[in-house]
Amino acid sequence: MKGTRSRLALLCAAAVLVTTGTATAAPDDRTGFTTTADTYYGGYRTVSAHEQHLDQVAREHPDLATVVDYGDSWLKTQNRGGHDLRALCVTRRQPGDCALSPNTTKPRFFVMGQLHSRELTTGEIAWRWIDHLVGSTAPEIATLLDTTEFWIVPIANPDGVDNVQRGGDTPIPHRKNGNDTNLQGTTCGALSYDHHGVDLNRNTSSNWGLQNASERQCDQDYRGPAADSEPETRALEGLWRSLYRDRRATDPAQPAPTDTAGVVLSLHSYGNYSLFPWSGGATTRRVGNDAALRDLAQDFAELAGPGWKYGQAGQVLYSASGTTEDWVYDELGVASFVWEMGSAPEETCGGFFPAYSCQSGTFWPKALPMLMHAARNTAAPYSPVPEPTTPCATQVNDTDTPVVSRVPVTVTVGITVTACQGNARSASVVDVRFKNMTVTPIITLDLVAPDGTSYHLQERVVGTVPDNTYSFTLDLSRESRAGTWKLQVYNVMWLGTGDLDRWSLTM
Ligand SMILES: [Zn+2]
């Protein structure tokens, strides 16, 4: 199962580079690595160049930029070289700004690159984002610098990037951190799907050890011996705890308050996806702020252009557990996103190692509008749009529809709304009634908005009493009322027979 999955050519989580350069990469030899060059592979910046860049920006813009050391890489904790973990805070600094305290006034937009070290585009986008913030003369940037703190970690996994850049013009596809502790009596290779280290995006304590997080230390998605086992993981979590107030609800299925500020963005490649929690756990599970996150993720995908999809990882791609994106929402209630930058390897500018010219030609023109949209929404990513002032009568589909058969089918029953304009209410109600049920099946119900956004209502056991009516209240305030709404009914157990009697929508 795992072997099969590891050969799927999918985004950052399990992609395999099938190139001769990768397959014949030199055995791992970190101790022999030295470089004085600032770039490799046509222009990509080394770890050392990134470190110098942060220092230089802070030196040249003391009113705007501050370097923060937030921890040590694994190799540094072992006294084997390694790196400080470094972030840059950019804002027009007022007293108290950029403090490692969640009790500040400016909302914080956090961007992270190269948590997966081989995903070269992500560090480059972070570099350019820094330069744009301190160098742009656009009035909107000036306003944002007055009102917002920008936090950038261009290289979240510097030990891993050291391994990647060792390959020079044939970058080594190292994804994980530098931890080469031999826990399982196995010596790992230097291949995309077989190398040492812990996957830092499978190592957090949120949903740790569930789907697609290997227990084998050489696998590219090795989760580590325990949640939060790696210093890079713990350092990031500590940094986020010091930057964001804990606004989560007791139950993550309930929303964090609508005035929760802040956005955390983790850049990955590839696949052209705009993702948000949950990445781990049941794919039908939704965070309390699902509607707002889904809405912003859709915006990002539309800004990115054709071919981009948005959704939870398990909906549009596949699940991943122990991720940083889940941790940020799970522990703090903060809006959290992943962008998987770039198309498949066989396409132009695809894969982990696109030509450096793709950065100016393809990725930066795409990333900048997306970053700006995230920046504009950092103050209140969950803020609801105004409630509709014009009431809308309850819309009903009263057609009897057989929904329970002995085969697993999804029945879709639509309601087309034409008379109501504007957005739906934050407390919209869906009523669903079944009849003629012969046994007690398990039915899942999803509401699909006119724009295709799906809202999972709940798994319900539908009893055999004559009138089984179920009522669901949900936040549809991000949805335009006009158009065709669909109710999707799926009999999980494929047992019994019966009918959907009617369903209605009050919004
Ligand atoms: Zn990745």
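In listed order, ligands and their atoms are each counted from 1.
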| task | State whether Glu340 contributes an N/O/S atom found under 2.8 Å from the Zn ion (ligand 1). | result | no

| said: We want to know whether Trp327 and Glu325 form a side-chain donor-acceptor pair, criterion being a heavy-atom distance below 3.5 angstrom. | reply: no

| field | Atom name in His268, limited to N/O/S, at shortest distance from the Zn ion (ligand 1) | value | ND1

| query | Are any of the side-chain nitrogens in Arg45 or Asp38 under 4.0 Å away from the carboxylate oxygens of its partner? | reply | no

| query | About how large, to 10 degrees, is the angle ND1 of His116, then the Zn ion (ligand 1), then OE1 of Glu119? | reply | 120°

| field | Tyr382 and Asp259 side chains, donor-acceptor separation under 3.5 Å | value | no

| request: Check whether any side-chain N or O of Asn207 sits under 3.5 Å from a backbone N or O of Ser321 as a donor-acceptor pair, and report yes or no. | output: no

